[in-house]
Asker: 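One structure coming up, written as structure tokens, with questions to follow.
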Amino acid sequence: MSSAIPVIVPVITIDGPSASGKGTVAQLVAARLGFHYLDSGALYRIVAFATLQKNIAWNNAQGVSECAKTLNIEFVNEQVFLNGQEVSNEIRTEAIGKGASQVAVHPPLRAALIDMQHAFCKAPGLVADGRDMGTVIFPKALLKVFLTATTATRAKRRYQQLLDKGQPANYEHILQDLQERDARDQSRASAPLVMADDAILLETDNLGISAAVDTILRNYQHKICK
Ligand code: C5P
């Protein structure tokens, strides 16, 4: 009697700092390959949003992680739902981004979100973006990418994104905010933002979105064919 052959799911991880372009690039790579997409930053943002609503302080490790375990989070195409209510725009504000990086320092919260992230790993494949996708969550990923750009480039991008959305933007504040977030993400004890030893580095200061996508697809092709 033959036993069932386990399904092997290819995973591509794209890690990097805020505003490096990894979200856009990851979604395009996923679309080109017909793979599932995990925006892990959205999970931390949802937790920051939900705890703010419940008056749980972002530095309360226990409160934040207990709250996270009760949340019903769903991703439907590009929309994000929290307990049945759409929160796609609410979680994208600068304030919630800042909160996300504060709740993300807590090891019990990071542990509480592991199974949820692993559940995205389904056939035909997964593209996962975040800070610790290649180092902690999917250490055996087939291809790992570290996407980055200088702080000035990233701040300019964020500034332009806010203006394009018709929102108020102050370049100096954005730059300072990014520097603070980078420092917090890189220096935390649990799952800090670091490039995995076996990741490829893509610096996007002078590399457009489609060139970054093509480079990742070429590297993926190389991994599966050679
Ligand atoms: O990627 P995004 O800016 O949406 O992430 C918001 C915050 O969530 C980050 O600044 C980071 O602190 C945290 N995060 C994390 N680990 C991930 C993804 C995001 O700690 N895998």
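Computed from a prediction, not measured in an experiment: that's the story for all the values here. Start at 1 with the first residue, then count along the sequence. Whatever order the structure lists them in is the order used to number ligands and atoms, beginning at 1. Computation of the quantities below employed the complete heavy-atom set of this structure, encompassing side-chain atoms and omitting hydrogens, waters and symmetry-equivalent molecules.
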Asker: Will you find, in the side chains of Arg181 and Ser101, an N or O donor that is under 3.5 Å from an N or O acceptor?
Answerer: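 Checked: Arg181/Ser101 side chains show no N/O donor-acceptor pair below 3.5 Å.
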Asker: Can you list every protein residue that has a heavy atom under 4.0 Å from any atom of ligand 1, sorted by chain and residue number?
Answerer: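 Its neighbours under 4.0 Å (heavy atoms only) are Lys22, Ser40, Gly41, Tyr44, Arg45, Ala100, Ser101, Ala104, Arg110, Gly130, Arg131, Asp132, Met133, Arg181, Asp185, Arg188, given by chain and number.
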Asker: Please indicate whether Asp197 has more than 12 foreign heavy atoms, meaning atoms of other residues, nucleotides or ligands, lying under 6.0 Å from its CG.
Answerer: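 No, not enclosed.
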Asker: Please answer: with hydrophobic residues joined when any side-chain heavy atoms are less than 4.5 Å apart, are Leu38 and Phe81 in the same cluster?
Answerer: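 No, Leu38 and Phe81 fall in different hydrophobic clusters.
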Asker: Test side chain to side chain contact (heavy atoms under 4.5 Å, CB included) on Arg188 and Arg110; report intermediate values, then the result.
Answerer: CA-CA 12 Å; Arg188 68 180 174 223; Arg110 303 199 73 85; 3.3 Å; yes
Asker: Please collect all salt bridge (Lys or Arg N to Asp or Glu O under 4.0 Å) contacts where either partner lies in residues 150-175, sequence neighbours excluded, each pair once.
Answerer: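 The answer is Glu94-Arg158, Arg154-Asp182.
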Asker: Name the residue from Leu142, Leu143, Leu217, Leu126 that meets the side-chain contact (heavy atoms from CB on, under 4.5 Å) definition with Ile12.
Answerer: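 Single side-chain contact (heavy atoms from CB on, under 4.5 Å) partner of Ile12 among Leu142, Leu143, Leu217, Leu126: Leu143.
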